[in-house]
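The block underneath contains the structure these notes are about, expressed in structure tokens.
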Amino acid sequence: MVDELRFGFIGAGEIALQTARALADADRARLVAVTDADPDLARDLAGRHGAEAVDSTDELVARDDVDAIYVAVPHFLHGVMALTAARAGKHVLLEKPTGTSAEDAERTLRAVRECGVTLSVPFVLRYSAVWRKTREIVADGHLGELQGIRVVYTGQKPESYWQGGYSGRSKSDWRTRLLQAGGGVLIMNVVHDIDAVRWATGMEAERVFAEYGTFNTAVEVEDYVGVVIRYRGGAVGVIDAASNVPGGTGPAGGSGPRIVGTEGQLVLDGGRLLFYTARGALGVAAGRWGEVAAPQDRNARTLLVEDYARALLAGQEPPIPDDAGLEALKVVSAAYQSRRVGRPVRIEELFQKPVMAPRKTVG
Ligand SMILES: NC(=O)c1ccc[n+]([C@@H]2O[C@H](COP(=O)([O-])OP(=O)(O)OC[C@H]3O[C@@H](n4cnc5c(N)ncnc54)[C@H](O)[C@@H]3O)[C@@H](O)[C@H]2O)c1
């Protein structure tokens, strides 16, 4: 085996730029070739990193000097691109969400597994210091028995976002389209938190209920969503997410994810980890709030690609397992489904009937 993992990129848009930078900073990983429907973007990205721009996906995945394909295209193309790479015998690092629905993701997962290559999802929060520390604190029992989890996402995406993301690098309205994106803020942004919560706490969602609407944005997807989750074992989850509220997050601190247990609480407040402990632990006195150190020494995306490359070069499974994307999407799809049928949806119901009936509008 070579001593570097050699990447090909399908998609050279907004996030691909960041992933390429992360690869450049990572040990034992290198960008070799890039393709994009817009050849100028492929050439631009390749040029920044001494890689080659190629004309087509087929040409990219056929290359002998590529070990893994990173896919960062609009959501509805994730499945087909992942499969194209897998059928050519390449490992697949597929951006979140791994499809436009849990069903879509499941089809992709099953088909990629049949090709005998690995699939992974760059859920970067797993490499953020505060989430890593949270996982450790939960595992060490410092919160006691978990009762509740709250995730709040209060965004104010500019109008231009819907035509080209935050950077405007690739002009397209796919983010506004239900069939192309699969949904709005829940599938686009909160899917990260859903995965992080699952990873850090080990809790699996059992039943999901949601209400959502489109209030402030001229798009087909939801821009405000409230979700209630019952986890196996009884803990309660609440998601309160919006992509366009006047004022965005605002100056109020402490509005990040909150994990509540019988012995304490954790609040992930940006890069700070706030901890309340009933018994006293981790240098915080009993009955007090304190801050637990969780310094982010290196960029989370760099840590992620480095860890991914290390595992694959050692012939191991990727650190983020292939079903992580599907498991996160089950919560998302159950939420959308519950709004459509007007009642809570059990996760186990999802694959017994179509999850994503084609619809033109949400709200
Ligand atoms: N992990 C994260 O933190 C994170 C952050 C942002 C975006 N993302 C995800 O990454 C993916 C891409 O998002 P983005 O913001 O970079 O979008 P983008 O629109 O900026 O880039 C997508 C790129 O795909 C290209 N493309 C479209 N169709 C193609 C085709 N048939 N063949 C080849 N290329 C094609 C477009 O030309 C564009 O350059 C999405 O799944 C998004 O949710 C992840």
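When a ligand or atom number is given, it counts from 1 through the structure's own listing order. If you're wondering where the values come from, they're calculated on a predicted model, not measured in any experiment. Positions are given from 1 along the sequence.
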Legend entry - Tyr224 and Phe215 aromatic ring geometry - parallel, tilted or perpendicular at 30°/60° bounds: perpendicular
Inset, instruction - Sort and list the pairs that fulfil side chain to side chain donor-acceptor pair (under 3.5 Å) and have at least one residue in residues 273-287, not counting sequence neighbours. - result: Glu263-Arg279
Inset, instruction - Below 4.0 angstrom from a heavy atom of Leu41, which ligand 1 atoms are there? Numbered from 1 as shown, please. - result: 39 (O)
Legend entry - Contact summary for Ala335 and Ala210, nearest pair of heavy atoms: O-CB, 3.4 Å
Inset, instruction - Report yes or no: does Trp174 have a heavy atom closer than 4.0 Å to ligand 1? - result: yes
Legend entry - Under-4.0 Å salt bridge between Arg339 and Glu222: no
Legend entry - Residue and atom name of the nearest protein heavy atom (relative to atom 36 (C) of ligand 1), distance in Å to one decimal: Asp36 OD1, 3.4 Å
Inset, instruction - For atom 14 (P) of ligand 1, find the nearest protein heavy atom and state the residue, atom name and distance (0.1 Å precision). - result: Arg175 NH2, 3.6 Å
Legend entry - Heavy-atom gap Pro74 to ligand 1 smaller than 4.0 Å: yes
Inset, instruction - Quick one: sort the Tyr308 and Phe7 rings into parallel, tilted or perpendicular, breaks at 30° and 60°. - result: tilted
Inset, instruction - Could you tell me whether Glu211 and Arg343 have a side-chain N and a carboxylate O separated by less than 4.0 Å? - result: no
Inset, instruction - Pick, from Lys96, Arg169, Gln180, the option with the minimum heavy-atom distance to atom 8 (N) of ligand 1. - result: Lys96
Inset, instruction - Please report which non-hydrogen protein atom sits nearest to atom 21 (O) of ligand 1, along with the residue it belongs to and the distance in Å to one decimal place. - result: Gly13 CA, 3.4 Å
Legend entry - Nearest non-hydrogen protein atom, atom 22 (C) of ligand 1: Ala72 O, 3.6 Å
Legend entry - Distance-only side-chain donor-acceptor flag, Tyr127 / Gln296, under 3.5 Å: no
Legend entry - 4.0 Å heavy-atom contact, Thr35 with ligand 1: no
Inset, instruction - Could you tell me whether a side-chain N or O of Arg28 sits under 3.5 Å from a main-chain N or O of Asp3, the two making a donor and an acceptor? - result: yes
Inset, instruction - State whether the side chain of Asp223 and the backbone N or O of Ala242 hold a donor-acceptor pair below 3.5 Å, judged by distance alone. - result: no
Legend entry - Which segment of Glu95 sits under 4.0 Å of ligand 1 when only heavy atoms are counted: side chain
Inset, instruction - Please list all pairs passing the salt bridge (charged side-chain N to carboxylate O under 4.0 Å, His left out) test where one or both residues lie in residues 8-24, with sequence neighbours left out. - result: none
Inset, instruction - Would you tell me which option among Ser167, Gly11, Ser170, Ala181 has the nearest heavy-atom contact to atom 38 (C) of ligand 1? - result: Ser170
Inset, instruction - Please examine the side chains of His78 and Val71, heavy atoms only from C-beta on, and report whether any two atoms are closer than 4.5 Å. - result: yes
Inset, instruction - Specify the protein heavy atom at minimum distance from atom 10 (O) of ligand 1: its residue, its atom name, and the distance to 0.1 Å. - result: Ile15 CG2, 3.2 Å
Inset, instruction - Find all atoms of ligand 1 within a distance of less than 4.0 Å from any non-hydrogen atom belonging to Leu77, and give their numbers and elements. - result: 28 (N), 29 (C), 31 (N)
Legend entry - Where ligand 1 meets His192 - atom numbers and elements under 4.0 angstrom, heavy-atom basis: 1 (N), 2 (C), 3 (O)
Inset, instruction - Report yes if some N/O of Thr57 lies less than 3.5 Å from some N/O of ligand 1; otherwise report no. - result: no
Legend entry - Under 4.0 Å to a heavy atom of His78 - the qualifying atoms of ligand 1, by number: 41 (O)
Legend entry - Nearest neighbour in protein (non-hydrogen) for atom 3 (O) of ligand 1: Arg301 NH2, 3.0 Å
Legend entry - Distance-only N or O hit between ligand 1 and His75, under 3.5 Å: yes
Inset, instruction - Anything under 30° is parallel, anything over 60° is perpendicular, the rest tilted; go ahead and classify Phe9 against Tyr70. - result: tilted
Inset, instruction - Give the residue and atom name of whichever protein heavy atom lies nearest to atom 30 (C) of ligand 1, and the separation in Å to one decimal. - result: Met81 CE, 3.6 Å
Inset, instruction - For atom 29 (C) of ligand 1, grab the closest protein heavy atom and report residue, atom and distance to one decimal in Å. - result: Ala37 CB, 3.6 Å
Legend entry - Student check: side-chain heavy atoms of Asn189 and Lys157 closer than 4.5 Å: yes
Inset, instruction - Just jot down the ligand 1 atoms closer than 4.0 angstrom to any heavy atom of Met188, in number order. - result: 43 (O)
